[in-house]
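Below: the structure, in structure tokens.
Every heavy atom of this structure was used, including side-chain atoms; hydrogens, water molecules and symmetry mates were not.
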Amino acid sequence: MPWKETKDPYKIWVSEIILQQTRVAQGKDYYLRFINQFPDIDSLASAEQTEVLKQWEGLGYYSRARNLQQAAQDIIHRFNGVFPTKYDDIISLKGIGPYSAAAISSFAFEQPYAVVDGNVQRVLSRHFEILLAIDSTEGKKRIALLAQKLLDKKQPAQFNQAIMDFGALICTPKAPKCETCPLSKSCRALKNNIVKEIPFKSKKVKKTDRFYYFFLIHKEDHIVIQRRPNIGIWAGLHELPNIESHSALSHAEILSKINFEEKKSIKLIHSIQHKLTHLNLNITLYHLINSSQYKCHKNQRLEKVSELSTFAFPKPLKNFLDIFFMNNI
DNA sequence: TAATCGTGGTG
DNA sequence: TCACCAAGATT
């Protein structure tokens with residue numbers, strides 16, 4: 001892992017943000033490209049937000065990218081452009097919570113702060129048979145205190161890396177390798193045969209439906225694009241003009257909501273469903289065939305198809321645009 | 001506290 | 001196929 005070959009707090013910081021809720025295999029190439037494009041705090045702080053989001057395109061949880069840049073600008077102003085070394089200063093930065101602050105403090109500065117991520121929650125809750133939900137305040141507190149107590153204060157970086165690796169390789173979520181586990185003798189969950197029951201959560205995420213009807217408005221070698229608002233899903237990314245709804249809309253309802261001149265020339269070209277962690281996404285794409293009369297709104301712009309790769313789009317839209325224009329050139 | 005925020009891998 | 005969840009944080 002390339003971020004393990006450095007003590008540069010900036011690079012360690014970037015790697016930790018990228019790896020939040022993200023697998024190493026998925027984040028590795030993003031890390032290399034991001035560091036190449038923004039090699040230090042100054043280059044990140046002074047970049048255009050659209051550039052930063054472009055580097056993040058396809059990685060998800062896009063507030064991470066915007067918070068990363070905001071924190072870089074914050075470091076310029078509050079810490080003279082030098083990454084802070086105190087835990088309290090580190091955790092005060094946008095996008096850095098308890099896990100990332102402990103990770104940076106230990107990996108970059110060898111300070112005695114125990115990381116608590118999904119791996120650590122799993123390892124400790126099993127080994128010590130903690131029968132508290134890991135998404136409860138009490139459960140989190142118990143595990144955090146335990147991790148901090150267990151931490152080897154003389155080599156916190158190595159300890160933190162080891163316990164996370166242990167969770168990722170041995171004490172895995174499903175089919176943990178208890179037969180060859182070096183801690184099997186002292187594991188209380190294994191002793192009581194409840195390894196697969198731990199850890200557990202108390203809350204159930206209820207999924208909501210969301211419907212997007214996107215319009216591909218095509219004028220010769222240009223299409224109409226716009227930017228998403230700075231809140232909500234895919235905040236700050238580019239997209240196509242659309243209608244959003246919490247329920248399915250009929251074709252007639254869609255036509256009644258749009259103010260295009262040539263309603264009859266709207267053709268459905270693509271319909272897909274996505275299951276996200278917290279919502280069911282239904283995306284329908286329409287093609288406005290004869291759109292020579294279309295006039296852009298203030299928040300919209302005509303952009304050359306050949307320039308679309310310079311903008312960050314949500315993954316479902318990028319997939320569609322890539323295929324559509326590859327087959328139509 | 002609970003809801004929200006993406007994408008991809010896994011059994 | 002589908003629920004689960006991965007180096008979590010914010011509001």
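Side-chain proximity of Y61(A) to dG11(B), dC5(B), dA6(C): nearest is dC5(B). Listed nucleotides: dA7(C), dT7(B), dG8(C). Nearest to the side chain of S100(A): dG8(C). Candidate nucleotides dA7(C), dG6(B), dT10(C) were compared by shortest atom distance to the side chain of K94(A), and dT10(C) ranks first.
Between F200(A) atom CZ and dC5(C) atom C1' the separation is 17 Å, expressed in whole Å. In this structure, R64(A) atom CZ and dG8(C) atom P are separated by 10 Å, rounded to whole Å. Distance CD1 (I104(A)) to P (dG8(C)): 13 Å, rounded to an integer number of Å. Rounded to whole angstrom, the span from the CG atom of L68(A) across to the C1' atom of dG8(C) amounts to 14 Å. Between F166(A) atom CZ and dA7(C) atom C1' there is a gap of 17 Å when expressed in whole angstrom units. Taking atom CE on M1(A) and atom P on dA7(C), their separation rounds to 11 Å, with Å as the unit. Atom pair R66(A):CZ and dT11(C):P shows a separation of 10 Å (rounding to whole Å applied). Regarding I231(A), its CD1 atom lies at a distance of 12 Å from the P atom of dT11(C), rounded to whole Å.
Using the six-membered ring where Trp is involved, H287(A) and F324(A) have ring planes that are perpendicular, over 60° apart on the 30 and 60° scheme. The aromatic rings of W3(A) and Y31(A) stand perpendicular to each other, their planes meeting at an angle above 60°, with 30° marking the opposite boundary. Using cut-offs of 30° and 60° on the angle between ring planes, the pair F311(A) and F313(A) is perpendicular. The aromatic rings of F211(A) and Y213(A) lie parallel to each other, with less than 30° between the two planes, well short of the 60° mark.
Within 4.0 Å of P316(A), counting heavy atoms only, lie sugar-phosphate atoms of the nucleic acid but no base atom. Heavy atoms of G232(A) sit under 4.0 angstrom from primed sugar atoms or phosphate atoms, though from no base atom.
Using a distance-only test at 3.5 Å, with no hydrogens or angles considered, a donor-acceptor pair links the side chain of Q300(A) to the main chain of H297(A). Put simply, the side chain of T172(A) never gets that close to the backbone of A168(A): no donor and acceptor are under 3.5 Å apart.
Residue R122(A) is the one, among R122(A) and A101(A), whose nearest nucleotide of DNA chain C lies closer to the 5' end (criterion: closest heavy atom). Both K206(A) and A235(A) lie close to DNA chain B; mapped to their nearest nucleotides by heavy-atom distance, the more 5′-ward contact belongs to K206(A). The 5' end of DNA chain B is approached more closely, in terms of each residue's nearest nucleotide, by T137(A) than by the other of W234(A) and T137(A).
Taking a cutoff of 4.0 Å between a charged side-chain nitrogen and a carboxylate oxygen, D29(A) and R33(A) do not qualify as a salt bridge.
For R228(A) and dG6(B), the shortest distance from a side-chain N or O to OP1 or OP2 is not below 4.0 Å. Using a 4.0 Å cut-off, some side-chain N or O of Y62(A) falls inside it from OP1 or OP2 of dT7(B). For W56(A), no side-chain nitrogen or oxygen approaches OP1 or OP2 of dT7(B) to under 4.0 Å.
For the P atoms, the distance from dA3(B) to dA7(C) is 24 Å, rounded to whole Å. Distance noted for atom C1' between dA6(C) and dC5(B): 15 Å (whole Å). The P atoms of dA9(C) and dG8(B) are separated by 22 Å, rounded to the nearest whole Å.
Contacts classified as ring pair (Phe, Tyr, Trp, His ring centres under 6.0 Å) and involving residues 86-115 of chain A (residues at least two apart or in different chains) are given here: Y87(A)-Y113(A).
For residues 13-41 of chain A, proximity to DNA chain B is found at Q21(A), T22(A), R23(A), Q26(A), defined as any non-hydrogen atom under 4.0 angstrom from a strand atom. The stretch residues 271-279 of chain A touches DNA chain B through L276(A), T277(A), H278(A), L279(A), each having a heavy atom within less than 4.0 Å of the strand.
A side-chain donor from one of N119(A) and R122(A) sits under 3.5 Å from a side-chain acceptor of the other.
The cationic atom of R64(A) (NZ for Lys, CZ for Arg) does not lie both less than 6.0 Å from the six-membered ring centre of Y61(A) and within 45° of the ring axis.
In summary, of the residues considered (K154(A), K7(A), K153(A)), a salt bridge (charged side-chain N to carboxylate O under 4.0 Å, His left out) with E110(A) occurs for K7(A) alone.
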